[in-house]
Amino acid sequence: MSKETPKSGPDFIRAIIEEDNRTGKWGGTVITRFPPEPNGYLHIGHAKSICLNFGIAVQYGGRCHLRFDDTNPAKEEEEFVESIKEDVRWLGFDWGEHLYFASNYFEQIYQWAVQLIKQGDAFVCDLDADQIREYRGTLKQPGKESPYRNRSVEENLDLFERMREGEFEEGSRVLRAKIDMAAPNINLRDPVMYRILKRAHHRTGTDWCIYPTYDFTHGQSDSIEGVTHSICTLEFEDHRPLYDWYLDRIGAHHPQQIEFARLNLTYTMLSKRKLIQLVQEGRVSGWDDPRMPTICGFRRRGYTPEAIRDFCGRIGVAKADSTIQIEYLEHCLREDLNKRAQRVMAVLDPIKVVITNYPEGQTEELDAVNNPEDETAGMRKVPFSRELYIEREDFMEDPPKKFFRLSPGREVRLRYAYFITCTEAVKDAQGNIIELRCTYDPATRGGDAPDGRRVKATLHWVSAPHAIDAEVRLYDHLFTAEQPASIPKDKDWRELLNPESLTVLKGCKAEPFLCGAQPGALYQFERKGYFCADRDSAPGAPVFNRATTLRDTWARVQQKG
RNA sequence: AGGGGCGUAGCCAAGCGGUAAGGCACCGGUUUUUGGUGCCGGCAUUCGCAGGUUCGAAUCCUGCCGCCCCUGCCA
């Protein structure tokens, strides 16, 4: 009798959707949308939203739109819409025919603004930005009404039309909703609906010199598209009454807005503004710098869409502010890559080993397993010879008790090769170890001793004459603080950047198998971690990014002392 | 004269009146030609705090405390 493992209930959003489907609220249809502003690259926080919105659409047989909320021509660029599309696709989602732009709705939105003016629900205000702020009041005090609030419908219509015609300067006038200057919710204190921006828009060009605000666009865009569940982050909770007010006055379909807590990650900054700064100030090599929490950064680093999707599914969806430990994401990557990554041997910090009793000039090929977790991955040949490289840290002249690896007089296994015993550590004049001399046991070919004797360690290695040189880039957290976002406002967050977030290793030695590594190819360097061939690789000069290390219990033992 | 949210383990997170799921992390053990993987086991007498209702409360009520968001012509 197999016992059913207790299953988690659906998250609160899916619970709402299931309830809606049960009651037939939307006739069983589920339409969501992912609505980015094309003013930057997507990051892991967006991935949570993408997985949620597209995931729900798939799960409930609905659909998810990709809509660009491009209402601010001052910040938006075509480059960003292309990158966003690429990243959503890479994550494994498909919007089908449903690619939209809020800017496609500008005429309709304009007509709705006219309708609100005619209804006496909107007015053209001549206050400047500072004055509007003053009139708005504070969190604890009500605002006061604009002196232009009671203009006639005719005058408002005339002024608004002339705003559209370009008769007025930027900032000189705005269109505002006439709601309630004493509302406790500040969003309802006669919010701005349209502003004058004499800027070319990446899609509508110079068709417009007035642009609707996000607040006067988002809800209607959802409405036009027939969105049923408009899923967004917590900070928009206060805006919901405003969206409802607009839709009520317009008399249009009301999507149901549901807010969830955005993703935060330890040692990571997910504010778009700050990511833009990192790129613009050259503190990283670009949006896809492998240290960046952007989707393209993770992609270049060696993360897989599967791992990111798995992560997004496992962290859950709720309304409580939360910060996920970055280790959780790393765990999801390891779990995915453990099953699929080709194993390979590469020595990051090489020290030469001479097998003194191995015939000079002799070479042989040994069989290596490509992936012990996947039988179909097959085998490959690895060359062996008298001179090898092993990892410098795998040898200790005077090892502590729990060090199992090579040391004078100790026998270890070279993976898939032979047992070797260290006979001498050759030093230079300064006393640095520059070479190890060992003997091998020919009877242990392949890695097993016929007499059944055991060794406590298996080392990875590379044959010196066959090795190819590689550059390896190691990455650490971009920030030294666990919660970089919570730095006091009077301090510069850039002080928290980790000066050691990137370590470039040159002269690493890899087995010849890696010679033709294609950019994007993923490998497990045995005992070292998961690595991704970088696009900076040149023929014969591969470059690898370390996506993440392997779990390392020895490192933990060492730390404990 | 403020409004809107949220508090279950180190980090996430189920639970929705019947006596604290699961994952990550951590700690043991075991397997292992990766100190990897896998496998087995441990890890909240208690759900922000205090009262109350009830045979019974993380779940209901009251009060308090703490944290987050809101005063862009950003999204």
Side-chain angles (χ1 to χ4, degrees), chain A residues 5-11 35-37 39 69-72 74-76 125 127-129 132-134 136-143 170-176 182-189 191-197 210-211 213-215 217-218 233-241 259 261 266 272-273 314-325 327-332 334-335 338-339 343 345 368-369 372-373 402-405 413-417 419 444 446-448 454-460 524-529 549-557:
Chain A
T5 38
K7 243 194 82 192
S8 270
D11 60 65
E37 182 192 12
N39 69 339
D69 273 340
D70 52 354
T71 54
N72 187 350
K75 295 186 173 179
E76 296 147 9
C125 182
L127 259 24
D128 67 28
I132 287 181
R133 189 178 321 116
E134 281 165 34
R136 186 152 36 224
T138 68
L139 294 180
K140 298 193 176 183
Q141 264 134 239
E170 264 189 38
S172 62
R173 280 181 234 262
V174 292
L175 182 71
R176 293 226 255 165
N185 180 343
I186 290 179
N187 295 124
L188 266 20
R189 316 237 265 231
V192 171
M193 295 161 59
Y194 265 90
R195 70 288 209 193
I196 300 169
L197 287 172
I210 57 171
Y211 291 92
T213 58
Y214 172 86
D215 277 348
T217 305
H218 187 82
T233 44
L234 255 24
E235 67 269 28
F236 293 104
E237 214 149 14
D238 286 341
H239 295 240
R240 193 174 56 212
E259 307 87 4
T266 56
K272 236 187 196 179
R273 205 194 102 243
R314 292 222 247 176
I315 57 176
V317 182
K319 298 193 71 161
D321 291 320
S322 64
T323 302
I324 312 289
Q325 296 172 328
E327 291 81 0
Y328 203 175
L329 215 205
E330 290 169 353
H331 167 81
C332 293
R334 288 192 189 105
E335 204 170 88
N338 175 53
K339 290 175 303 190
R343 268 60 167 178
M345 291 196 285
V369 174
E373 306 297 317
K402 288 183 174 168
F403 184 85
F404 303 149
R405 282 109 98 145
R413 170 171 40 235
L414 293 181
R415 180 146 237 227
Y416 302 127
F419 284 12
T444 58
D448 276 311
R454 325 269 307 198
V455 289
K456 292 196 81 171
T458 299
L459 308 187
H460 60 102
Q524 183 196 98
F525 288 4
E526 296 221 29
R527 303 206 306 137
K528 298 308 305 182
T549 58
L550 255 28
R551 274 185 84 234
D552 189 349
T553 51
W554 164 239
R556 263 180 284 143
V557 168

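A note on names: the letters A, B, ... follow the listed sequences, proteins ahead of strands, and every chain is numbered from 1.
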Side chain to side chain, A:Gln524 and A:Leu550, heavy atoms closer than 4.5 Å: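 Heavy-atom side-chain distance check passes, below 4.5 Å.
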Counting only side-chain nitrogens and oxygens, does [X] get under 4.0 Å of the OP1 or OP2 atom of [N]?
| X | N | result |
| --- | --- | --- |
| A:Arg189 | B:G2 | no |
| A:Arg136 | B:G72 | yes |
| A:Arg405 | B:G35 | no |
| A:Arg314 | B:C11 | no |

Any donor-acceptor pair, under 3.5 Å, between the side chain of [X] and the base of [N], if you only look at N and O atoms?
| X | N | value |
| --- | --- | --- |
| A:Glu327 | B:G10 | no |
| A:Gln325 | B:G10 | yes |
| A:Asp552 | B:G35 | no |

Find the distance [X]:[atom1] to [N]:[atom2] and express it as a whole number of Å.
| X | N | atom1 | atom2 | result |
| --- | --- | --- | --- | --- |
| A:Leu234 | B:C69 | CG | C1' | 8 Å |
| A:Arg556 | B:G35 | CZ | P | 13 Å |
| A:Glu330 | B:C11 | CD | P | 18 Å |
| A:Lys456 | B:G36 | NZ | C1' | 17 Å |
| A:Phe525 | B:U37 | CZ | P | 19 Å |
| A:Glu259 | B:A75 | CD | C1' | 15 Å |
| A:Glu237 | B:C69 | CD | C1' | 9 Å |
| A:Asn187 | B:G5 | CG | C1' | 14 Å |

Taking atom [atom1] in both [N] and [M], what distance in whole Å separates the two?
| N | M | atom1 | value |
| --- | --- | --- | --- |
| B:G36 | B:G66 | C1' | 43 Å |
| B:U59 | B:U8 | C1' | 11 Å |
| B:A13 | B:G7 | C1' | 13 Å |
| B:C67 | B:C61 | C1' | 24 Å |
| B:C12 | B:G4 | C1' | 24 Å |

Plane angle bin for A:Phe236 and A:His239 - parallel if under 30°, tilted between 30 and 60°, otherwise perpendicular: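 It falls in the perpendicular class, over 60°.
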Nearest of [options] to any side-chain atom of [X]?
| X | options | value |
| --- | --- | --- |
| A:Gln524 | B:U37, B:C69, B:U34 | B:U34 |
| A:Glu37 | B:C74, B:G5, B:G35 | B:C74 |
| A:Thr553 | B:C70, B:G35, B:C12 | B:G35 |
| A:Asp321 | B:C12, B:G7, B:C68 | B:C68 |
| A:Tyr328 | B:G35, B:G36, B:C24 | B:C24 |

Sugar-phosphate only, base, or nothing, as touched by A:Pro372 at under 4.0 Å among non-hydrogen atoms: base
Nucleotide paired to B:C60 in any strand shown, Watson-Crick or G-U, under 3.5 Å: B:G52
Stacked pair A:Phe404-B:G35, distance under 5.5 Å, angle under 30°: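 A:Phe404 vs B:G35: stacking yes.
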Side-chain ion pair, A:Glu237 and A:Lys319, N-O less than 4.0 Å: yes
A:Arg551 with A:Glu327: basic N within carboxylate O range, under 4.0 Å: no
All side chain to side chain donor-acceptor pair (under 3.5 Å) counterparts of A:Lys75, not counting sequence neighbours: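 By the side chain to side chain donor-acceptor pair (under 3.5 Å) rule, A:Lys75 matches no residue at all.
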Assigned glycosidic conformation for B:G38 [threshold 90° from 0]: anti
Which residues share a ring-ring contact (aromatic ring centres under 6.0 Å, His included) with A:His460, sequence neighbours left out: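 By the ring-ring contact (aromatic ring centres under 6.0 Å, His included) rule, A:His460 matches no residue at all.
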